[in-house]
Amino acid sequence: MEYKCLKKVKCNECGDCYEFPIVGSDGGLTEDEYDHGFKQIAIAKHVELSILRQTEWEAVLSEEIGTNLLISDSRIMFCCDRWSSNGKILTGHMRYEWISSIGYMKKTGRINDESMQIYYKDTDRNNWVVELQLIRNNDVKLTVQEILKRTANYRLKMTDEKNRTENTTAFLSKYAKQESVTSDETNKFIHVPLPSCYDAPEGRDFRPAYK
């Protein structure tokens, strides 16, 4: 199916928090048994969700609005802290097992903002990207580093190890303990592909055996 990881919802609208976050009336996200708490790592001032149509990216959602980036042991969450006039709020999440790659670009001057991109595919094999423009004083490299580290640790704990190649395990083991991503270069797009992933919103059958 065509899976949009970001959308505007009403409180308690979504019933399956594996597929999509459940937002309470206070705007807070409902924690599940795999989260073990939320940590804010960045704030975006612009967020955009795009789908690849043949050879061109098409934006299906684009919002110039403050959006909090939260991470837990099992997912990245996006949550705006402002309700719209029709009683909806922008939210979404990206489970670590869905991420196919992450890209980022460090700022090159005082007028430029750092940006990052998170790519995934859905079960219809559509390619998607979430692009985030971070507010000033948010370090995109440290943000990506934290996401990669948590993603690798989570995937190493998943119960699909019989389907995991040695190269995949070696890659995840490297990122699970590394302290730095690939480059400090500015004015250059850095892309980090992951060796395997699940099509969103699949993968729940192989979640780690901890609760």
Side-chain angles (χ1 to χ4, degrees), residues 1-10 13-23 29 32 34 42 44-65 67-72 74-80 84 88-105 115-134 140 143-144 147-148 150-152 154-155 158-160 163-165 167-168 171-172 175 181 189-207:
M1 70 174 186
E2 189 173 284
Y3 177 79
K4 298 180 178 70
C5 74
L6 277 170
K7 58 186 176 182
K8 291 182 177 180
V9 300
K10 294 183 178 180
E13 179 178 332
C14 304
D16 182 353
C17 68
Y18 180 79
E19 292 193 8
F20 204 82
I22 299 174
V23 182
L29 299 174
D32 71 19
Y34 293 89
K45 68 176 186 179
H46 179 85
V47 59
E48 186 166 292
L49 175 65
S50 300
I51 185 172
L52 185 62
R53 304 288 192 194
Q54 296 183 339
T55 60
E56 299 290 332
W57 288 101
E58 176 187 316
V60 298
L61 180 149
S62 184
E63 294 285 336
E64 196 82 21
I65 191 169
T67 304
N68 299 310
L69 271 71
L70 310 173
I71 54 172
S72 73
S74 63
R75 54 181 168 160
I76 309 164
M77 286 150 288
F78 315 99
C79 189
C80 174
S84 64
K88 291 188 175 183
I89 195 168
L90 176 66
T91 191
H93 71 194
M94 180 72 63
R95 293 203 171 272
Y96 296 140
E97 57 266 42
W98 302 340
I99 299 173
S100 61
S101 63
I102 299 179
Y104 69 98
M105 182 180 289
S115 62
M116 61 180 291
Q117 301 82 28
I118 305 171
Y119 296 83
Y120 71 99
K121 293 181 179 180
D122 63 25
T123 52
D124 283 346
R125 304 303 292 164
N126 295 305
N127 289 283
W128 296 85
V129 60
V130 181
E131 185 164 4
L132 303 134
Q133 190 175 7
L134 305 186
V140 70
T143 301
V144 169
I147 291 171
L148 282 170
R150 292 213 180 208
T151 298
Y154 181 85
R155 290 193 183 181
M158 291 181 72
T159 60
D160 61 350
N163 301 320
R164 196 185 304 144
T165 67
N167 286 341
T168 297
F171 179 95
L172 295 176
Y175 276 93
V181 292
F189 181 76
I190 308 298
H191 188 243
V192 184
L194 294 167
S196 66
C197 61
Y198 286 93
D199 297 334
E202 293 186 339
R204 75 172 76 209
D205 292 340
F206 302 104
R207 302 178 85 182

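Along the sequence shown, residues are numbered consecutively beginning with 1. No experiment lies behind these values; they were computed from the predicted model shown.
If you take CG on D199 and CD on E97, they are separated by 11.5 Å, rounding to the nearest 0.5 Å. Taken to the nearest 0.5 Å, the CE atom of M116 stands 13.5 Å off from the CD1 atom of I190. Here the straight-line distance linking atom CD of E48 with atom CD of E64 works out to 10.0 Å at 0.5 Å rounding. Atom CD of E131 is separated from atom OG of S62 by 9.0 Å, given to the nearest 0.5 angstrom. In this structure, the separation between CZ on R155 and CZ on R164 is 9.5 Å, given to the nearest 0.5 Å. Atom NZ of K4 and atom CZ of F20 lie 10.5 Å apart (nearest 0.5 Å).
A pairwise comparison of heavy atoms in R207 and T159 identifies O-CG2, 3.7 Å as the closest pair. Of all the heavy atoms in P193 and F171, the pair that sits closest is O-CZ, 3.4 Å. Here the closest heavy-atom approach between residue C197 and residue S100 is recorded as SG-CB, 3.7 Å. When all heavy atoms of A44 and L132 are compared, the closest pair comes out as CB-CD2, 3.9 Å. The heavy-atom pair separating G203 from M158 by the smallest distance is O-CE, 4.0 Å. Closest of all the heavy-atom pairs between V140 and M105 is CG1-O, 3.7 Å.
Within the 3.5 Å criterion, the main-chain N or O of L52 finds no donor-acceptor partner in the side chain of N127. The main-chain N or O of M1 is found under 3.5 Å from a side-chain atom of T123 such that the two form a donor-acceptor pair. Not a single donor-acceptor pair under 3.5 Å links the side chain of H93 to the backbone N or O of L6.
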request  = Please assess T168 against S196 for the test side chain to side chain contact (heavy atoms under 4.5 Å, CB included), listing each intermediate value before the final yes or no.
outcome  = CA-CA 7 Å; T168 297; S196 66; 3.6 Å; yes
task = Please assess V192 against Y175 for the test side chain to side chain contact (heavy atoms under 4.5 Å, CB included), listing each intermediate value before the final yes or no.
result = CA-CA 11 Å; V192 184; Y175 276 93; 3.6 Å; yes
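Looking at W128 and D122, their side chains do bring a donor and an acceptor atom within 3.5 Å of each other. Between D160 and Y198, the side chains place a donor N or O and an acceptor N or O closer than 3.5 Å (distance only, hydrogens not considered).
With contacts defined as side-chain heavy-atom distances shorter than 4.5 Å, the pair S50/E58 does not qualify. Annotation: side chain of I76 is in contact with side chain of I99 (closest heavy-atom distance under 4.5 Å). Side-chain atoms of L29 and I22, non-hydrogen and from C-beta on, never get closer than 4.5 Å to each other. K88 places none of its side-chain heavy atoms less than 4.5 Å from the side chain of V9. Counting only heavy atoms from C-beta outward, the side chains of K8 and C80 never approach each other to under 4.5 Å. Between W57 and V129, some side-chain heavy-atom pair lies under the 4.5 Å cut-off. Residues L49 and C5 are in side-chain contact: their nearest non-hydrogen atoms beyond the backbone lie under 4.5 Å apart. When side chains are defined from C-beta on, I65 does not count as touching K45, because their heavy atoms never get closer than 4.5 Å.
Using a 4.0 Å cut-off between a side-chain N of Lys or Arg and a carboxylate O of Asp or Glu, E202 and R204 do not qualify as a salt bridge. Classification of R95 and D32 as a salt-bridged pair holds, one side-chain N sitting under 4.0 Å from a carboxylate O.
Of the residues Y119, Y120, Y18, the one that meets the ring pair (Phe, Tyr, Trp, His ring centres under 6.0 Å) test with W98 is Y18.
The ring-ring contact (aromatic ring centres under 6.0 Å, His included) check on Y96 picks up Y154, with sequence neighbours excluded. With sequence neighbours left out, A42 forms a side-chain contact (heavy atoms from CB on, under 4.5 Å) with L69, L134, N138, T143.
Between F189 and H191, the ring-plane angle classifies as parallel under the 30° and 60° cut-offs.
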